[in-house]
Amino acid sequence: MADTEALKVSAAQLYSQKQWSASYSSYLALAEQQPESAETWFRLGVSAYRLDKLAEAERSFERVIIIDRRHRKALFNLALLNLGKGTLYLDKYLQSTPPKNVILS
């Protein structure tokens with residue numbers, strides 16, 4: 001238990017210092033030790049996002065919602081990730097479609 005608490009403190013410091021790679025590794029280890037901690041999964045998701053590991057960030061935020069279905073920050077971050085996916089596909093669509101007709105019938 002003392003090791004878990006030390007890891008928790010260390011991970012929180014790394015997170016607050018925006019040392020995303022080290023924070024990510026620490027929260028990944030914490031998630032294995034505390035799989036029911038919404039805060040651990042949330043911070044893992046943020047760290048993953050900052051490292052451009054978007055699929056992993058999404059999975060982490062989804063895990064938060066399983067634990068706490070009303071976790072506002074996780075819901076917001078999931079919404080942003082999914083909006084980003086939508087704009088990516090919209091950009092691809094627009095690049096492959098003649099510009100005269102954007103409305104689908």
Enquirer: Do the non-hydrogen side-chain atoms of V46 and F61 ever get within less than 4.5 Å of each other?
Expert: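 V46 reaches F61 side chain to side chain.
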Enquirer: What residue pairs, at least two apart or across chains, pass side chain to side chain donor-acceptor pair (under 3.5 Å) with a residue in residues 39-48?
Expert: S23-S47, Y27-R43, S37-T40, E39-R43
Enquirer: Do L14 and W20 pass the side chain to side chain contact (heavy atoms under 4.5 Å, CB included) test, and can you show the C-alpha distance, the side-chain angles, and the key distance before you say yes or no?
Expert: CA-CA 7 Å; L14 293 165; W20 302 120; over 6 Å; no
Enquirer: Just list the side-chain donor-acceptor pairs under 3.5 Å for residues 80-87, sequence neighbours left out, or say none.
Expert:
unit_1: N82; atom_1: ND2; unit_2: L78; atom_2: O; d: 2.9
unit_1: K85; atom_1: NZ; unit_2: E58; atom_2: OE1; d: 2.8
unit_1: K85; atom_1: NZ; unit_2: E58; atom_2: OE2; d: 3.0
unit_1: T87; atom_1: OG1; unit_2: L83; atom_2: O; d: 3.4
unit_1: T87; atom_1: OG1; unit_2: G84; atom_2: O; d: 2.9

Enquirer: For Y49, give me all partners under ring pair (Phe, Tyr, Trp, His ring centres under 6.0 Å), at least two apart in sequence or on another chain.
Expert: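 Residues passing ring pair (Phe, Tyr, Trp, His ring centres under 6.0 Å) with Y49: none at all.
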Enquirer: Would you compute the distance between atom CD of E5 and atom NZ of K8 and round it to the nearest 0.5 angstrom?
Expert: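 E5 CD to K8 NZ: 5.0 Å, rounded to 0.5 Å.
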Enquirer: Checking Y24 now: which residues fulfil ring pair (Phe, Tyr, Trp, His ring centres under 6.0 Å) with it, not counting sequence neighbours?
Expert: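 Residues passing ring pair (Phe, Tyr, Trp, His ring centres under 6.0 Å) with Y24: none at all.
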Enquirer: To the nearest 0.5 angstrom, please state how far the CG atom of L75 sits from the CG atom of N77.
Expert: 9.5 Å
Enquirer: Taking side chain to side chain contact (heavy atoms under 4.5 Å, CB included) as the test, write out the residues that go with L90, two or more places apart.
Expert: Y93, L94
Enquirer: Rounded to the nearest 0.5 Å, how far apart are CG of L28 and OG of S60?
Expert: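 Answer for the CG-OG pair, L28 versus S60, is 8.0 Å.
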Enquirer: Run the side-chain donor-acceptor check on residues 63-72: report pairs under 3.5 Å with partners two or more places apart or on a different chain.
Expert:
unit_1: R63; atom_1: NH2; unit_2: P35; atom_2: O; d: 3.2
unit_1: D68; atom_1: OD1; unit_2: R70; atom_2: N; d: 3.2
unit_1: H71; atom_1: ND1; unit_2: A74; atom_2: N; d: 3.1

